[in-house]
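Read the structure below first, then the notes.
Below, chains carry the letters A, B, ... as their sequence lines are ordered, and counting in each starts from 1. Source: prediction; values computed, not measured.
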Number of protein chains: 4
Amino acid sequence: MSPRTEQQFQEIRENKREQILEAALKCFSTNGYYKASIAEIAKEAGISKGLIYNYFESKDVILKELVWGVYEEFFKRFEFPKDLVMTEECFVSYINISIDIVADDPNRFKLYFALFTQPHIMDLFKADLMQKMEPFILMFLNYYTEKGYENPMAMMRFVSAAIDGVQMHIMLDKENFPVEDVRKILLKMFV
Amino acid sequence: MSPRTEQQFQEIRENKREQILEAALKCFSTNGYYKASIAEIAKEAGISKGLIYNYFESKDVILKELVWGVYEEFFKRFEFPKDLVMTEECFVSYINISIDIVADDPNRFKLYFALFTQPHIMDLFKADLMQKMEPFILMFLNYYTEKGYENPMAMMRFVSAAIDGVQMHIMLDKENFPVEDVRKILLKMFV
Amino acid sequence: MSPRTEQQFQEIRENKREQILEAALKCFSTNGYYKASIAEIAKEAGISKGLIYNYFESKDVILKELVWGVYEEFFKRFEFPKDLVMTEECFVSYINISIDIVADDPNRFKLYFALFTQPHIMDLFKADLMQKMEPFILMFLNYYTEKGYENPMAMMRFVSAAIDGVQMHIMLDKENFPVEDVRKILLKMFV
Amino acid sequence: MSPRTEQQFQEIRENKREQILEAALKCFSTNGYYKASIAEIAKEAGISKGLIYNYFESKDVILKELVWGVYEEFFKRFEFPKDLVMTEECFVSYINISIDIVADDPNRFKLYFALFTQPHIMDLFKADLMQKMEPFILMFLNYYTEKGYENPMAMMRFVSAAIDGVQMHIMLDKENFPVEDVRKILLKMFV
DNA sequence: TATGAATGAGATTTCATTCAT
DNA sequence: GATGAATGAAATCTCATTCAT
């Protein structure tokens, strides 16, 4: 019989990759990164341990990919304003996306949060993260400066913190958290 | 030399306990709970591995104690209002303590946060945590109800989230975070 | 296109075999037998892992073939004297071939040497090797007996060892080893 | 009960170290470095796998220690001549020690030889080895220069090679190799 | 013939915990 | 109370080999 075509292999790989990432997400969410073992992920994905290493070179890398997914999702949804000047419309969009991205997939977001408490994992991202966040910081700073706030830097830091806090609460207790009502409060207070 | 009294023994034990907890805090903060080993903690504390088990029955328990410390510190500082009715003064105090407790010891607080991303550790606390937090929830709910807020529940959740967010940012970047300015904003906005 | 003839198929197979052996030789030489993986060899040969097993039944067998190549090369070059009586001319030829065979392809020779330190690999050859070497041993023994040496057996063992030593040094450091000068010394001393 | 004294621990460690090294030597000799597993070494030593890592940080390190043993043994036995000028007496001693060191412990010597065929292992030593050998090279070179040899460099290389070859043969077949007779030949021919 | 995904056994290594002293 | 050697279970990762296509 003839071997599979290049494209068939591509498809298999693509699918299996997703399958593994999904399984890993589930395991990491259930047990945390360290307690979740490769064996468990393999079982969850219905494949052998060895195969995972055909797709990802280490456990760290799997985590990395999952976390990057959060960023990518954000940047896919968020449209940067022209000239990097933040408009009200853009701010609204920022808040909405920040909320939606967590509400849509709290588990994946949990991984993102794990970064901040686990130095070993944090190290994997720190540099990239800083760089990505810089433009936002500047835009918010300008926004509150223009609005005539007394202390725009503090306001910016506070708003960032508050949004992160909301994200965290949604992540921890999506069922009971009044997402829509809080969204309204956020928009009213900060924009 | 005369044999030590019972009380002297107690003191020695208590000091050694503190010594171990301090070492553990340092190691957990530096490397994260899982990467920090008992051997490392023992070395940091200047004692043998075995002795640690004379004071704590497991690594988990050490973490537990450290995290409980955060609560205890909070409840030591916070004076509950009479009748559990939150006054403005009391609210101010709540916010101030919430901020100070992090700013005074960000590393210890990091452990507290780690809870929320590591299910295994979370399980150690969940029940107790819920119970402790309930009175606050009710007080804040009443507070905003009395103030005539349209949606006091949402407001309460938002405020909690925002405070947590601020705590997180202080924890991550105490050096640069404008703690005092943000404290003012918090008080102005929420009380 | 006309279908390939049986002979053409044979040729293709033979070429592919050589291609694999060459790749394996390169990998084994670079990384050693155990560190070199089938995947690596396949990549080096520009084929798939699976195909290797179409030509060789195991990694061990590839090594075997490579090592046998060293013997075969030797026996292809060396012409046994009539009656298995060693003449001076024949001795000279033996020494020359022994040197040339290493100098021409030190890497392949390295595999041959590896045998002697890796019992697992040694086992693959021991019996055959002994048998092949016997006639030489007898010829050298006679040679030195006839020359009137006091202890021909010891002399024979010494000469074998010295030649092996020279081979080893050429193998390890062909660039700097004064092959031709040492060849002269060998011939002068032993023949 | 009181804990063991520092010295008691020292003793335990020293003994266990030797025990492990001995077991490792046996396993490496029997099966070769790669086929010999830590599990096997532990079993041979009558201890748990884990304990080995209490004494040696990796399998590589165990090998390293064993091989260093060969050098150390040599340098312990060999007394460098004054001014690094080789005398006949010193040369005799060099040859004798070279032979004895193998004959006394062929298995350990096998490890030393393994270096030359396994790049991964070779890398662990190359630099150190080169440095250690340099003085000998110079001394031999001078020796044959002074004796008026036509090509002292080639002679030196040849002698080194021959001695190595003899060592190899002793290592492979100590039972049948006429060590004493060959020793005599070596001394007569080279000194 | 040819491909590379998939397996599974086994390797090294780590480390919380126990225990004899 | 104190020590650190010792254990043993489990984790990550590797890789020769098989097999569906």
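In this entry the distance linking CD of A:E14 with P of E:dG4 reads 17 Å, nearest Å. Atom CD1 of D:I52 is separated from atom P of F:dA5 by 15 Å (rounded to the nearest Å). Regarding D:Y33, its OH atom lies at a distance of 11 Å from the C1' atom of E:dA11, rounded to whole Å. If you take CD1 of C:I41 and P of F:dC15, they are 12 Å apart, rounded to a whole angstrom. In this structure, CD of A:Q7 is placed 16 Å from C1' of E:dT3, rounded to the nearest angstrom. Taking atom NZ on D:K35 and atom P on E:dT12, their separation rounds to 11 Å, with Å as the unit. We find that CD1 of A:I38 is positioned 22 Å from P of F:dA9, with the value rounded to whole Å.
Distances were taken from every side-chain heavy atom of C:K59 (C-beta onward) to each of E:dT17, E:dT3, F:dA16; the shortest belongs to F:dA16. Each of E:dT17, E:dT12, F:dT18 was ranked by its minimum atom distance to the side chain of B:S58; first place goes to E:dT17. Nearest nucleotide to the side chain of D:K49, out of F:dA2, E:dG8, E:dT13: E:dT13. Comparing atom distances between the C:S37 side chain and each of E:dA6, F:dC15, E:dA2 picks out F:dC15 as nearest. Distance from the side chain of D:N54 is smallest for F:dA6 among the nucleotides E:dT17, F:dA16, F:dA6. Set against E:dT1, F:dT12, E:dT7, the side chain of C:R13 has E:dT1 as its closest nucleotide. Comparing F:dA5, E:dA16, E:dT12 by their nearest atom to the side chain of D:I12 picks out F:dA5. For A:F9, counting side-chain heavy atoms from C-beta on, the closest listed nucleotide (E:dA2, F:dT12, E:dA5) is E:dA5.
Under 4.0 angstrom from either OP1 or OP2 of E:dA6 there lies at least one side-chain N or O belonging to A:K16. Regarding contacts with the backbone of F:dT14, every side-chain N or O of A:Y53 stays at 4.0 angstrom or more from both OP1 and OP2. Taking 4.0 angstrom as the limit, C:Y34 places none of its side-chain polar atoms (N or O) nearer than this to OP1 or OP2 of F:dC15.
For C:K35 and D:Y34, the positive end is not near the middle of the six-membered ring at less than 6.0 Å and at most 45° from its axis. Cation-pi geometry between C:K64 and C:F56 is not met: the NZ or CZ atom fails to fall both under 6.0 Å from the ring centre and inside 45° of the normal.
Distance CZ/D:F28 to CD1/D:I62: 5.5 Å, rounded to 0.5 Å. Atom OG1 of A:T30 sits about 7.5 Å away from atom CD of A:E44, to the nearest 0.5 Å.
Residues D:L51 and D:R4 each lie close to DNA chain E; by heavy-atom proximity, the contact nearer the 5' end of the strand is made by D:L51. Toward the 5′ end of DNA chain F lies the nearest nucleotide of D:Q10, the other residue of the pair D:Q10 and A:E57 mapping further downstream. Heavy-atom distances to DNA chain E give each of C:I47 and B:G50 a nearest nucleotide, and the one nearer the 5′ end belongs to C:I47. Of the residues near DNA chain F, B:S48 and D:S48, the one whose nearest nucleotide (by heavy atom distance) lies more toward the 5' end is B:S48.
The existence of a salt bridge linking B:R17 and B:E65 is confirmed by a sub-4.0 Å separation between a basic side-chain nitrogen and an acidic carboxylate oxygen.
Here D:F56 lies out of heavy-atom contact (under 4.0 Å) with every strand. At a threshold of 4.0 angstrom between heavy atoms, the contacts of A:A42 with the nucleic acid are absent.
The aromatic rings of A:Y112 and A:F116 sit perpendicular, their planes meeting at an angle over 60°, well past the 30° parallel limit.
Look at E:dA9: its Watson-Crick or wobble partner, with both distances under 3.5 angstrom, is F:dT14. The nucleotide F:dT7 finds its pairing partner in E:dA16, both defining distances of the Watson-Crick or G-U wobble pair being shorter than 3.5 Å.
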